[in-house]
Structure formats: C-alpha cells, structure tokens
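One structure below.
Side-chain atoms are counted along with the backbone in the values below, which use heavy atoms only and exclude waters and symmetry mates. Each chain gets a letter, A, B and so on, in the order the sequences are listed, and its residues count up from 1.
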Amino acid sequence: MTTSNATNSLIEDLRWRGLLNQTTDENGIAELLNSGPQTIYIGFDPTATSLHVGGMMQLMMLRRFQRAGHNPIALVGGATGMIGDPSGKSEERNLLSADQLQKNVDGVAAQMRHFLDFEGENAAKLLNNFDWMKDYSYLEFLRDVGKNFPVGAMMGKESVRSRLESEAGLSYTEFSYMLLQAYDFVNLAKTHDCRIQAGGSDQWGNITAGIDLGRRMLGKQLFGITAPLLTTSDGRKMGKTESGAVWLDPERTSPYAFYQYWINVADEDVMRCLAYLTEIERAEYDELEDKTKNDPGQRTAQKRLAQWLTELVHGEAGVQSAQRATQILFGGELGDTTDSQLREIFADVPSCDVPKSALEGEGLWIVEALQTAKLCNSGGDARRALSEGGVYVNNTRVEDVQKRLTVDDLDGRSVLVLRRGKRKYALLKIQD
RNA sequence: GGGGGUUUGCCCGAGUGGUUAAAGGGGGCGGACUGUAAAUCCGCUGGCUAUGCCUACACAGGUUCGAAUCCUGUAGCCCCCA
C-alpha cells in the first residue's frame, strides 16, 4: 500500500482537491512520503465536548494519509486547550477548567473513531499533550524551549501581529501559546518520528514555529502542510447556521439537522465541500459537477455530500433516519409511520406534553393548541394563521378556526404533529 | 438659565378634531410559484371568552358629543441665544 505510487497519488489527490494551501517544502514532503510510511499529526482544540465542521476537515486530512499507508496522530490539546490559541481569534478567550477540559477531550476522542482506524498496521494514535506538559516545570521549559524563540520572530507572526494591532491586545499567556504547540511538534518528532504537521491555514504560524524549534533543538528537518479554511462563496465560515454551529455530536446536532445542513449547501459551494470533506473520486466528481450545472434543481451533488458525510459521522442508521425525517418534515403524509419513528423524526422539534384527557369530550381547541405548542404567540395570531391556510395537523391543512383536536386525530398514535407554515413544527405528546 | 422644534405601531415614516387599529415603505409571518434556492406575485401583521368588546399614537391631566390631532404639566431628544 505504501508504494511510491500511492504516495504520489496522495499528493496528487490533495492538490486536485485543493487541500494544499501552503507547504513548507513541497518537493521535500513528496520525497519524504516516497521514502516510506511517515507519521503526520494534526492538533485539535478541545473547546467543546464535540468537534464541528472544521475539525471534520482536519480528520479527513489524517484519514487520507492513513489510507495512503501513513501513520496519523490526532493530538488533543489537553494542555494547549488550557491556554487558548490566539490564531484567527479577535479576542482572548476564557480559560477552561481542567474538569471541563477532560470532558471535552473525551468527547472529541470518541468522535475521531468514525474517521480514523485505531487498529491494525498503521493504526492511528490519539495523544494528549497534557501528558508531556503536565510535569514540565516552568523553569525547565524556559531553558529548553523558550531560549530558542527569538521574540522578534514571534512578533512577526500574523497571529500575534494582528492581535497587537487590535483593541483586544494579547496576554502573555496567549503569546506563549506558540511555544507549547511548537514543542508538541518537536516532542512528537522525538518520540514518534513525526516529521509532518498539518492543519488549517490559520495554523501556519504555529506550524512553522515548530519547524524552527525542531531544527534548533533536534537538528531535524520537519515539514508543514496547511489546508484552506472551508468557507462559503460569500466568504463566511462553513458550518454555521442561525441556530449555531453544526456539531458532530448527535446530541447537539441531530443526524437530521446534520444531513439537512449539507443538503442546503449552495450550488457554488457544494463541489468544494465534496472535494474537501469526502473521498469521492474524480470521475464521480466531474459527473456531479456536470449535474449541478445542468440540472441544479435535482441537487444531486448536495444529496451525495449529505449522504456521504452523514453516513461517516452517524452511520447507515443515521442516514436512514435523516432521510425518513426529511421526507416527513417536508410535507410527506404521515401514512403508517409508527409512533416510535415519529418520535425519532421529531426528536429535535420543540414538543410539549398534553394530558390525554384534554382530547376527550369536546377536545382541544386548535387555537389553544397552537399557542401551547408555541407556534403562535396569541389567539389572534393563531386565528390569522388558520385563515391564511398556514396550519397543518399531521401534515394536513386545517382551516377551520373552530377545529377541535380529539382522540380521532391521534389515529392510534401518541403524538400530534402541528405545523405552521412550510416547516415550523411542534409536537404534542399525549400523556395518559 | 431663555427661546424654538420634536416624540406615532417591531423599524422608518404620513397623518393637525370625526368610519383612524392609524396612509406608505422596511422587516416579519402565511400563501402561490420553485430546487427545502434566488427572484417574483398575493394576503396578513395590538389583545380577547371575537359578526362583538377592550387597549393603543412618550407620560399625566384637561377641553370637546367626539382627540394621535387642541390646551396644561412632566420626561427624552434636537437646534439657537446666554
């Protein structure tokens, strides 16, 4: 698997995908990769218990190397996370507690298993820099590492310069961040013969700092690769919605919401996403590009993207439930969808409990139900919505202002699906 | 300290005694169209126990059959003089 052919095709592939933003020495890297299996590392910031889209792209990078026969190291920054990387950030961020950090590291580590193979010949490794930083004394660190850092060079780094010029400034702690990450690289070079560090383009300064340090401390030539940031055609970061970031954790972003995010990627962005985030081959890529151009309404590329990523992150079952939810949430008949399927599909839709007794006798007045479900914020609003034809019960339009919901509307299930407009849903869970 | 102006619904902005819950625009919400898009078009946009009732045009009070519209006071903003 680790033939020079595979390696060449790896670099080729990365270049074709547009994933080579900057490299310290492209020929040197190609040569190194040709000489046999190499170890490559990428650092992950444990700022939350889950990764988001940016981290996914980095994990894919490691995965590409692993598939080409190299040894990936995913480094979680248990130590650096205590400091906070100033790169690309406009303000100092709050320090995380050690306790929270540990939770974050655990959460992030679990997600990595979807992307990397931690078994077998070139198994991926998961390391935590807290392990080698925790007992490193300040004095020792300054003597070993600090003295190799000319302040002038540090001041020249983009991450430092931009912050110094801004209002927010930069604390000494953040200023020191670079030393820690540089040392990580050197330490991995020493202990794992890891000679390549990759990362997002905002990591360039930190990576080159590590390369300099490697030369000074080890006399070893290290290499760096950065990938472009995944942005939309209008220049914003991918992975953000009105309601926040898109997470890999199904508790934070349901498989349905995750799937939907990718389905909704703009035509102008979808091919780049496919290139950066998936492993589709060139032939299929060209075919999808063609379909996007000639028959954009089908959104074949978006569907492929959503399906590919959802399957990777949430598994085959995740894809199925997302697709089933899509069908129902976009106006499909409930038909014989079962109770438990409904509850799963509407899992991330606001819901409220209603006692079964409310449906008995006269039943529950639709105007009240809409308010209880928070779909309308007043009786007038509800009446209006009804008369506008914007209210649906179980995906069937209701226009009668006097409509009362009764046991008959349950149709044997234990939930009522209320909808306002095209896709604002709420669930009434009927309690015995 | 003296004089003048201004204050309208989520926002902008008409309205200077009588069908004014308040023109117009924006936003928002529905609907049609569509690709779960963009653009476009149409409707709605104070509350309620709702063919009616109540509360609203900075706030408090007054004149009047009747006020967002007139008067007095209070507060905010703006301008001029000192």
Pair Gln260(A)-Thr326(A), side-chain donor/acceptor within less than 3.5 Å: yes
Rounded to the Å, how far apart are Gln327(A) CD and U36(B) P? 13 Å
Which residue pairs pass the salt bridge (Lys or Arg N to Asp or Glu O under 4.0 Å) test when at least one of the two sits in residues 106-128 of chain A, sequence neighbours left out? none
Taking atom P in both A82(B) and C11(B), compute the distance separating them and give it to the nearest angstrom. 38 Å
Base, sugar-phosphate alone, or nothing: which one does Ile263(A) contact when heavy atoms must sit under 4.0 Å apart? base
For Gly380(A), answer base if it contacts any base atom (sugar-phosphate contacts may also be present), sugar-phosphate if it contacts only those atoms, and nothing otherwise; contact means non-hydrogen atoms under 4.0 Å. base
Length of the line joining Leu305(A):CG and A37(B):P, which is rounded to integer Å: 18 Å
Without decimals, in angstroms, what is the distance between Glu368(A) CD and U49(B) P? 8 Å
Find every protein N or O atom lying less than 3.5 Å from an N or O atom of nucleotides 32-34 of chain B, and list the pairs.
from: C33(B); atom 1: N4; to: Lys422(A); atom 2: NZ; distance (Å): 3.3

How many whole angstroms separate atom CZ of Arg419(A) from atom P of G30(B)? 10 Å
Using the C1' atom on both, measure A67(B) against G61(B) and round to a whole Å. 14 Å
Backbone N/O of Thr292(A) and side chain of Asp267(A): donor-acceptor pair under 3.5 Å: no
Between C12(B) and G30(B), how far is it from one P atom to the other, in whole Å? 25 Å
So, do Met57(A) and Leu19(A) sit near enough that their side-chain heavy atoms are less than 4.5 Å apart? yes
note: Lys293(A), atom NZ; A37(B), atom P; distance rounded to Å ~ 24 Å
Under-4.0 Å side-chain N/O to phosphate OP1/OP2 contact, Ser387(A) with C44(B): no
Less than 4.0 angstrom between a side-chain N/O of Arg299(A) and OP1 or OP2 of A37(B), yes or no? no
The side chain to side chain contact (heavy atoms under 4.5 Å, CB included) partners of Asp290(A) (sequence neighbours excluded) come to Asn294(A)
If we ignore hydrogens and angles and just use 3.5 Å, is the side chain of Thr49(A) paired with the main-chain N or O of Lys103(A) as donor and acceptor? no
Test of understanding: with salt bridge (charged side-chain N to carboxylate O under 4.0 Å, His left out), list the residues that count as partners of Arg419(A), not counting sequence neighbours. none
So, using salt bridge (charged side-chain N to carboxylate O under 4.0 Å, His left out) as the criterion, who are the partners of Glu287(A) when residues are at least two apart? Lys291(A)
Glu399(A) CD to C44(B) P: how many Å, rounded? 16 Å
G5(B) and C44(B): how far apart are their P atoms, nearest whole angstrom? 39 Å
With heavy atoms under 4.0 Å as the rule, sort Gly390(A) into base, sugar-phosphate or nothing. sugar-phosphate
Whole angstrom is fine here: how far is it from CZ in Arg324(A) over to P in U36(B)? 21 Å
Hey, could you give me each pair passing ring pair (Phe, Tyr, Trp, His ring centres under 6.0 Å) that has a residue in residues 389-432 of chain A? Not counting sequence neighbours. Phe346(A)-Tyr425(A)
Using modelled atom types only, decide if a donor and an acceptor are shared between the side chain of Gln111(A) and the backbone of Leu51(A) within a distance under 3.5 Å. yes
Can you sort out the partners of Asp249(A) under salt bridge (charged side-chain N to carboxylate O under 4.0 Å, His left out), two or more places apart, ordered by chain and number? none
Can you check nucleotides 24-29 of chain B for protein contacts, nitrogen or oxygen pairs under 3.5 Å, and list what you find?
from: C29(B); atom 1: O2'; to: Arg420(A); atom 2: NH2; distance (Å): 2.5

Applying side chain to side chain donor-acceptor pair (under 3.5 Å), run through Ser87(A) and Lys157(A) and close with a yes or a no. CA-CA 10 Å; Ser87(A) 303; Lys157(A) 302 274 181 190; over 6 Å; no
Quote, to the nearest angstrom, the C1' distance that separates C65(B) from U74(B). 29 Å
Any sub-3.5 Å donor-acceptor pair from Thr310(A)'s side-chain atoms to Gln307(A)'s backbone N or O? no
Taking donor-acceptor contacts at under 3.5 Å, does the side chain of Asp295(A) reach the base of G35(B)? no
G25(B) versus C80(B) - spacing of their C1' atoms, nearest Å: 33 Å
Residues in residues 247-261 of chain A with a heavy atom under 4.0 Å of RNA chain B, by number, are Gln260(A)
Please tell me which of Trp365(A) and Ala266(A) maps to the more 5' nucleotide of RNA chain B, matching each residue to the nucleotide holding its nearest heavy atom. Ala266(A)
C1' gap between C53(B) and A58(B), integer Å: 27 Å
Inter-nucleotide C1' distance (U19(B), G66(B)), Å rounded: 13 Å
Dot-bracket assigned to RNA chain B with the 3.5 Å Watson-Crick/G-U criterion, [ ] for crossing and | for other-strand pairs, is ((((((((.[[[..)..(.....]]]((((((.......))))))(((...)))...[[[[[..)....]]]]]))))))).
Go through the structure and list residues passing side chain to side chain donor-acceptor pair (under 3.5 Å) with Arg195(A), not counting sequence neighbours. none
Test of understanding: with salt bridge (charged side-chain N to carboxylate O under 4.0 Å, His left out), list the residues that count as partners of Asp212(A), not counting sequence neighbours. Arg215(A)
Less than 4.0 angstrom between a side-chain N/O of Arg383(A) and OP1 or OP2 of U51(B), yes or no? no
Taking for each residue the nucleotide of RNA chain B bearing the nearest heavy atom, is the 5' side occupied by Ala385(A) or by Asn264(A)? Ala385(A)
Quick one: does Asn122(A)'s side chain have a donor or acceptor within less than 3.5 Å of a partner on Gln66(A)'s backbone? yes
Nucleotide U36(B), atom C1' - distance to CD1 of Ile328(A) in whole Å: 15 Å
